[in-house]
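Each remark here refers to the structure printed beneath this line.
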Protein chains: 2
Amino acid sequence: MIMEPLLLDRLLQIGDLFQKDMSRAFEGTPLSTARVHLLWALQDAGPSTQQTLARLCGVSPRNITGLVDALEASGHVRRTPHPTDRRAVLVELTETSTAYMAQMRRDHADLDAELLGAVSPEDREAVRRGVAAIADRLSALAAAEGGPS
Amino acid sequence: MIMEPLLLDRLLQIGDLFQKDMSRAFEGTPLSTARVHLLWALQDAGPSTQQTLARLCGVSPRNITGLVDALEASGHVRRTPHPTDRRAVLVELTETSTAYMAQMRRDHADLDAELLGAVSPEDREAVRRGVAAIADRLSALAAAEGGPS
DNA sequence: TATTGTTATACTCTATAACTATA
DNA sequence: TATAGTTATAGAGTATAACAATA
């Protein structure tokens with residue numbers, strides 16, 4: 001009797017594959033998943049203080065200092081003075097990485113289409129609904145156990 | 001006009017939530033996702049050499065040395081001499097962590113049921129099929145680009 | 001007094017390369 | 001000569017705590 005993998009196992013596998021894929025895509029570049037996560041947050045939020053980025057990325061402010069240092073050195077972001085608060089800096093994407101992130105967004109959409117294409121047409125809406133429901137449930141479980149951070 | 005999140009975004013979100021959930025579950029213990037990954041491999045494969053574990057976990061042999069060192073110190077695994085090859089060691093679960101992993105397997109199944117419960121009954125089979133198809137497609141893409149490692 | 005970012009320190013995960021003992 | 005595991009070294013990501021400048 002063959003054990004079919006659980007739905008959970010498949011979801012974990014998908015998570016692993018995404019991670020490996022990203023690591024592979026960034027090797028030989030100054031980027032990494034953590035750094036791209038920060039760039040992605042900047043693309044969504046626009047110029048932000050490091051405190052804000054720490055919240056958006058879910059890491060410590062100290063960690064943001066290191067990530068921004070690296071991204072500044074590689075020319076992906078720029079630190080500019082905050083217009084009204086002289087303690088703070090605003091971090092923003094450079095022109096180069098604005099274009100880079102726009103391309104990444106397109107690739108992202110392409111991959112979405114590719115994955116959806118792997119699902120038979122009559123299952124697609126159910127998969128959309130189901131995966132969204134699972135994400136919401138998991139999110140609720142995390143909030144319940146971990147406290148509403 | 002509201003932008004609905006892509007299926008891909010939902011899957012990425014699920015991956016993140018799993019990671020945060022595990023990190024939270026292991027904080028304050030000597031365990032971590034990398035260490036539990038190794039324990040999980042041992043539960044599936046039985047006593048194994050470190051070379052084998054390196055392949056199963058997808059990390060370098062050197063890395064396994066460190067993980068096994070930590071897990072041995074915390075009493076989760078044991079190094080025993082290989083019966084026929086005096087260069088090699090066999091790593092095996094201790095009694096304590098055999099029980100611990102059995103419990104984790106039950107929790108795993110419970111979570112699977114919980115997540116499936118979040119999906120409406122008429123969507124469940126489609127979601128199972130669809131997620132499996134996505135995992136397979138992603139796996140094929142990784143193999144095509146990354147070379148058949 | 002509280003907040004922003006940095007310096008100081010430390011731990012985990014990861015890798016490659018050189019070395020030892022065995023095959 | 002090739003393989004199993006370790007020592008040596010290095011770098012990224014993460015954290016907390018103490019400190020400076022500013023609010």
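All values below were derived from every heavy atom in this structure, side-chain atoms included, with hydrogens, water molecules and symmetry-related copies excluded. Every chain is numbered from 1 and lettered A, B, ... according to where its sequence line falls, protein lines coming before strand lines.
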Provide a list of protein-nucleic acid N or O atom pairs under 3.5 angstrom, restricted to nucleotides 19-23 of chain D.
unit_1	atom_1	unit_2	atom_2	d
D/dA23	OP1	A/Arg86	N	2.8

Show each protein N/O and nucleotides 8-10 of chain C N/O combination with a separation under 3.5 Å, one pair to a line.
unit_1	atom_1	unit_2	atom_2	d
C/dA8	N6	A/Arg62	NE	3.2

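The separation between A/Ile64 atom CD1 and C/dT6 atom P is 11 Å, rounded to whole Å. Between B/Met22 atom CE and C/dC13 atom P there is a gap of 12 Å when expressed in whole angstrom units. Between the C1' atom of C/dT3 and the CZ atom of A/Arg55 lies a distance of 13 Å, rounded to the nearest Å. Nucleotide D/dT14 holds its C1' atom 13 Å from the CD atom of B/Glu27, rounded to whole Å. Taking atom CD of B/Gln19 as the reference point, atom C1' of C/dT12 lies 14 Å away to the nearest angstrom. Rounded to an integer number of Å, the gap from CG of A/Leu90 to P of C/dT4 is 12 Å.
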Decide yes or no on side chain to side chain contact (heavy atoms under 4.5 Å, CB included) for A/Met104 and A/Val36, but give the supporting numbers first. CA-CA 10 Å; A/Met104 186 173 292; A/Val36 168; 3.7 Å; yes
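Judged by distance alone, with hydrogens and angles left aside, the side-chain atoms of A/Arg124 form a donor-acceptor pair with the main-chain N or O of A/Val119 at under 3.5 Å. Of the possible donor and acceptor atoms, none in the side chain of A/Asp112 sits under 3.5 Å from a partner among the backbone N and O of B/Leu6. Panel note: side chain B/Thr98, backbone B/Thr94; a donor-acceptor pair is recorded below 3.5 Å.
Under 3.5 Å, the side chains of B/Ser120 and B/Asp123 contain a donor-acceptor pair of N or O atoms.
A cation-pi arrangement is absent between B/Arg35 and B/Trp40, since the terminal nitrogen or guanidinium carbon is not both under 6.0 Å from the aromatic centre and inside a 45° cone about the axis.
Taking every heavy atom of residues 66-83 of chain A and every atom of DNA chain C, pairs under 4.0 Å involve A/Arg79, by number. Using a 4.0 Å cutoff on non-hydrogen atoms, the parts of residues 28-53 of chain A near DNA chain C are A/Thr49, A/Gln50, A/Gln51, ordered by number.
Checked against salt bridge (Lys or Arg N to Asp or Glu O under 4.0 Å), B/Asp9 has no partners two or more places apart in sequence or in another chain. Under the ring-ring contact (aromatic ring centres under 6.0 Å, His included) criterion, B/His82 pairs with no residue at all, not counting sequence neighbours.
We find that B/Glu125 and B/Arg128 are joined by a salt bridge, their nearest charged nitrogen and carboxylate oxygen being less than 4.0 Å apart.
Taking the side chain as every heavy atom from C-beta outward, B/Asp16 and A/Phe18 never approach each other to under 4.5 Å. Residues B/Leu12 and A/His108 are in side-chain contact: their nearest non-hydrogen atoms beyond the backbone lie under 4.5 Å apart.
Residue A/Ser60 has a polar side-chain atom (N or O) positioned under 4.0 Å from OP1 or OP2 of D/dA15. For D/dG13, neither phosphate oxygen OP1 nor OP2 lies less than 4.0 angstrom from any side-chain nitrogen or oxygen of A/Asn63.
The cluster map of Ile, Leu, Val, Met, Phe, Trp and Tyr, joined by side-chain heavy atoms under 4.5 Å apart, puts B/Met101 and B/Leu67 in the same cluster. The cluster map of Ile, Leu, Val, Met, Phe, Trp and Tyr, joined by side-chain heavy atoms under 4.5 Å apart, puts B/Leu11 and A/Leu141 in the same cluster.
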